[in-house]
Amino acid sequence: MALFFPRIIISFFCIVFRHMTFLIFTGASLFAATGQADAQKFRWLQTKNDSTYITDLTQDLTVRLYGSRKYTSYRLADLNHKQRLTYRPNSPLNFGFGFNYKFIGLNIGINFPFVNTYDRYGKTKFLDLQTHLYLRKLVVDFYGQYYNGYYLANPSVLPENNYDNVYRRPDLRTLNIGMSAQYIFNDRRFSFRSAYLQNEYQKKSSGSFMMGGDIHAVLIRSDSGIVPRNIRYDNFFDNSRFSRSDIYCATINGGYAYTFVIKKHFFTTLAAHTGFGFNYTMFDNPLTGAKDNGVQGQLNATVRIAAGYNSERYFAGIHYVNIAMRSYSPLPYAVQDFGAGNFRFSIARRFKVNKPLIKSLNL
């Protein structure tokens with residue numbers, strides 16, 4: 001199977017995400033133009049910040065330079081023998097620039113060939129539309145990731161390999177479509193935007209409980225068995241020779257976030273939420289027609305870490321988001337772990353805008 005999905009399907013996902021962004025911006029603009037009467041319908045999304053804790057800088061133009069690496073990973077684990085098989089793609093480091101003004105934000109990243117090399121781990125083709133939206137009361141994470149080309153991160157599981165060699169899987173392909181949404185309870189005194197969008201400034205330490213849910217579809221394909229025949233572990237994944245795996249999962253989750261502020265400007269933000277739910281998993285071997293499927297338990301967890309310097313004019317810091325999904329499978333003692341995330345460092349400057357360009361939208 002030379003291609004995971006036809007190009008027309010990948011193009012379809014691009015069009016969907018592009019139109020979703022257009023509809024969000026269009027809806028926000030229409031909402032801003034309807035006045036205070038219609039705004040009452042969205043009161044649950046509005047926040048009046050406690051100014052002793054948070055300074056709202058959305059009226060300023062925030063301009064940033066950044067470096068970013070988006071990534072994903074796929075791991076198979078045998079809980080009975082405590083053994084694992086970990087695949088990772090060779091994802092690039094991008095540099096770019098962006099801005100935020102009120103509810104509009106844009107980042108443009110560039111892949112510099114002299115920074116990223118593919119000789120050792122092989123080349124990965126990918127389309128990563130991972131997006132994180134930070135509203136005042138909500139955090140929404142969208143995942144639209146297609147990766148083609150992986151390598152084995154722990155090659156010592158194969159008898160003829162060691163850590164100096166690389167076992168490449170250019171035929172291994174994954175698609176992850178999903179989203180996560182969290183409600184922030186203490187939105188008046190706690191701000192994710194301060195660390196991740198740089199259009200607010202948190203001046204005092206504060207935290208908040210969160211609650212929400214995740215939903216994902218993860219599809220894995222390869223031209224041969226995902227588990228190599230010569231793996232040194234006996235009965236790994238019940239000796240299954242599947243080359244296709246479909247995972248559909250949903251969880252309900254909750255967690256907590258806290259920002260430590262030192263001397264008004266230096267900060268560290270730590271946040272995590274964990275979800276419990278169910279998944280439907282199917283293993284398929286097209287060559288033999290063998291299939292295993294069933295409904296199993298699901299564990300999802302998202303971690304956010306940020307640290308740096310912040311003031312009303314300048315920002316410099318790092319921010320990290322990672323989701324880990326553990327899907328228990330219909331095979332005994334076998335689980336599939338799928339992860340995705342983004343690591344970024346940013347330098348930002350805020351500029352006063354004398355005349356408002358867009359009517360205020362308090363989300």
J.: Might you point out which heavy atoms bring V157 and R84 nearest each other, and give the distance in Å?
T.: CG1-O, 3.7 Å
J.: Is there a donor-acceptor pair under 3.5 Å between the side chain of N310 and the backbone N or O of H265?
T.: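 Not confirmed, N310 side chain does not pair with H265 backbone.
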J.: Less than 4.5 Å apart, any side-chain heavy atom of L133 and any of F142?
T.: yes
J.: Nearest 0.5 Å, please: how far is OH in Y280 from CD1 in I247?
T.: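 One finds 12.0 Å between CD1 of I247 and OH of Y280.
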J.: Tell me whether D128 contacts the main-chain N or O of K70 through its side chain, where contact means a donor paired with an acceptor under 3.5 Å.
T.: no
J.: For a 4.5 angstrom cut-off between non-hydrogen side-chain atoms, does F278 reach C249?
T.: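 With C-beta onward as the side chain, the pair stays apart.
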J.: Under the salt bridge (charged side-chain N to carboxylate O under 4.0 Å, His left out) test, which residues partner R75, sequence neighbours left out?
T.: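 Once residues adjacent in sequence are excluded, the partners of R75 under the salt bridge (charged side-chain N to carboxylate O under 4.0 Å, His left out) criterion are D337.
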J.: Under 3.5 Å, side chain of T86 to main-chain N/O of N154, donor-acceptor pair present?
T.: no
J.: Which heavy atom of H216 sits nearest a heavy atom of Y143, and at what distance?
T.: CE1-CD1, 3.5 Å
J.: Would the F190 and F192 ring centres measure less than 6.0 Å apart?
T.: yes
J.: V303, M211: one ILVMFWY side-chain cluster at the under-4.5 Å cut-off?
T.: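 In one cluster with V303: M211, yes.
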J.: Would a distance-only check, ignoring hydrogens and angles, find a side-chain to backbone donor-acceptor pair under 3.5 Å from N90 to G122?
T.: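 Yes: the side chain of N90 pairs with the backbone of G122.
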J.: Taking S240's backbone N and O only, do any of them form a donor-acceptor pair with D238's side chain (distance below 3.5 Å, no angle check)?
T.: no
J.: Take T62 and Q198 through the test side-chain hydrogen bond (donor to acceptor under 3.5 Å, both in side chains) and record every step on the way to the result.
T.: CA-CA 7 Å; T62 300; Q198 300 95 50; over 6 Å; no
J.: Before you tell me yes or no, could you show the steps for V140 and S180 under side-chain contact (heavy atoms from CB on, under 4.5 Å), namely the whole-Å CA-CA distance, both residues' side-chain angles and the distance that decides it to 0.1 Å?
T.: CA-CA 6 Å; V140 184; S180 170; over 6 Å; no
J.: Taking it one step at a time, do S245 and Q336 satisfy side-chain hydrogen bond (donor to acceptor under 3.5 Å, both in side chains)?
T.: CA-CA 10 Å; S245 176; Q336 296 179 94; 2.9 Å; yes
J.: For Y256, check side chain to side chain donor-acceptor pair (under 3.5 Å) against everything at least two apart and list the hits.
T.: none
J.: Got R304 and L270 here, is their nearest side-chain heavy-atom distance under 4.5 Å?
T.: no
J.: If two hydrophobic side chains count as joined below 4.5 Å and joins carry through other members, does I347 share a cluster with Y201?
T.: no
J.: Charged N to carboxylate O under 4.0 angstrom, D50 versus R189?
T.: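 Answer for the salt bridge query: yes.
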J.: Identify the two heavy atoms, one from R69 and one from N342, that lie closest to each other, and give their separation to 0.1 Å.
T.: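 Scanning both residues completely, I find the closest heavy atoms to be O-OD1, 3.3 Å.
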J.: How close do I231 and L158 get, counting heavy atoms only, and between which atoms?
T.: CA-CD2, 3.8 Å
J.: With the side chain counted from C-beta on, respond yes when L79 and Y328 share a heavy-atom pair under 4.5 Å apart, and no when they do not.
T.: yes
J.: For R173 and D223, run side-chain contact (heavy atoms from CB on, under 4.5 Å): C-alpha distance rounded to whole Å, both residues' side-chain angles, the deciding distance at 0.1 Å, then the answer.
T.: CA-CA 9 Å; R173 308 167 293 274; D223 295 342; 3.2 Å; yes
J.: For N322 and G339, indicate whether the former's side chain and the latter's backbone hold a donor-acceptor pair under 3.5 Å.
T.: no
J.: Output all residues satisfying ring-ring contact (aromatic ring centres under 6.0 Å, His included) with Y333, sequence neighbours left out; order by chain, then residue number.
T.: none
J.: Go through D284 and R241 one step at a time and tell me if the salt bridge (Lys or Arg N to Asp or Glu O under 4.0 Å) criterion holds.
T.: CA-CA 8 Å; D284 186 11; R241 289 292 302 160; over 6 Å; no
J.: So L61 and K352, side-chain contact (heavy atoms from CB on, under 4.5 Å) or not? Walk me through it.
T.: CA-CA 6 Å; L61 175 64; K352 290 291 184 182; over 6 Å; no
J.: Test D60 against every option in R349, R313, R350 by the salt bridge (charged side-chain N to carboxylate O under 4.0 Å, His left out) rule and name the one that passes.
T.: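 Of the listed options, the one satisfying the test is R313.
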J.: Taking F126 as the starting point, is it possible to reach F338 by hopping between hydrophobic residues whose side chains are less than 4.5 Å apart?
T.: yes
J.: Please enumerate all residues that pass salt bridge (charged side-chain N to carboxylate O under 4.0 Å, His left out) together with R188, with sequence neighbours excluded.
T.: none
J.: How long is the straight-line distance from CE of M325 back to OG of S73, given to the nearest 0.5 Å?
T.: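 The OG atom of S73 sits 9.0 Å away from the CE atom of M325.
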J.: Evaluate the ring pair (Phe, Tyr, Trp, His ring centres under 6.0 Å) criterion for residues F97 and F99: first the C-alpha distance (whole Å), next the side-chain angles of each, then the deciding distance (0.1 Å), finally the verdict.
T.: CA-CA 7 Å; F97 63 92; F99 76 90; 9.0 Å; no
J.: Y151 and ring-ring contact (aromatic ring centres under 6.0 Å, His included): which single residue from Y121, Y74, Y167 fits?
T.: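 The single option meeting the ring-ring contact (aromatic ring centres under 6.0 Å, His included) with Y151 is Y121.
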J.: Can you check whether Y183's main-chain N or O pairs, donor with acceptor, with K137's side chain at less than 3.5 Å?
T.: no
J.: Between S224 and S243, what is the shortest heavy-atom contact and its length?
T.: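 Smallest heavy-atom distance, with atoms named: O-CB, 3.3 Å.
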J.: How does the hydrophobic cluster around I54 look, that is, which other residues are in it when side-chain heavy atoms under 4.5 Å mark a link?
T.: Y53
J.: Grouping I, L, V, M, F, W and Y whenever their side-chain heavy atoms are under 4.5 Å apart, do V335 and L331 come out in a common cluster?
T.: no
J.: Is it the case that the side chains of K204 and T52 hold a donor-acceptor pair, with the cut-off being a distance below 3.5 Å and no angle test?
T.: no
J.: Side chains of R64 and N100: donor-acceptor distance under 3.5 Å anywhere?
T.: yes
J.: Any chance the side chains of T58 and E200 put a donor and an acceptor closer than 3.5 Å?
T.: no
J.: So, the side chain of T251 versus the backbone of G277: is there a donor-acceptor pair under 3.5 Å, distance only?
T.: no
J.: Do T281 and S327 get their side chains close enough for a donor-acceptor pair, meaning under 3.5 Å?
T.: no
J.: Do the side chains of E312 and K264 get close enough for a salt bridge, i.e. N-O under 4.0 angstrom?
T.: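 Salt bridge between E312 and K264, a charged N being under 4.0 Å from a carboxylate O: no.
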J.: Consider only side-chain heavy atoms of I, L, V, M, F, W and Y, link residues closer than 4.5 Å, and tell whether Y248 and L175 are in one cluster.
T.: yes
J.: Is there side-chain contact between I184 and V139, with at least one heavy-atom pair below 4.5 Å?
T.: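 In contact.
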J.: For Y309 and F266, run ring pair (Phe, Tyr, Trp, His ring centres under 6.0 Å): C-alpha distance rounded to whole Å, both residues' side-chain angles, the deciding distance at 0.1 Å, then the answer.
T.: CA-CA 5 Å; Y309 173 90; F266 298 95; 5.4 Å; yes
J.: Quick one: closest heavy-atom pair of F343 and Y71, and the distance?
T.: N-CE2, 4.4 Å
J.: Any cation-pi pair here, R344 with Y66, using under 6.0 Å and within 45°?
T.: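 Because its charged atom sits under 6.0 Å from the ring centre and within 45° of the axis, R344 does stack over Y66.
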J.: Under the rule for side chain to side chain donor-acceptor pair (under 3.5 Å), what residues qualify as partners of Y87, not counting sequence neighbours?
T.: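 Here the qualifying residues are R169.
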J.: Go through the steps for Y150 and T72 under the test side-chain contact (heavy atoms from CB on, under 4.5 Å), then give the verdict.
T.: CA-CA 10 Å; Y150 281 74; T72 189; 3.4 Å; yes
J.: Would H132 and Y196 count as a ring pair (Phe, Tyr, Trp, His ring centres under 6.0 Å) if you check the C-alpha gap in whole Å, the side-chain angles of each, and the deciding distance to 0.1 Å?
T.: CA-CA 9 Å; H132 307 280; Y196 286 88; 8.0 Å; no
J.: Is a donor on one side and an acceptor on the other found under 3.5 Å between the side chain of R221 and the backbone of R244?
T.: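 Absent.
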J.: Whether the side chain of N279 engages the backbone of G297 through a donor-acceptor N/O pair (distance < 3.5 Å, no angle test) should be reported.
T.: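 Such a contact is found between N279 side chain and G297 backbone.
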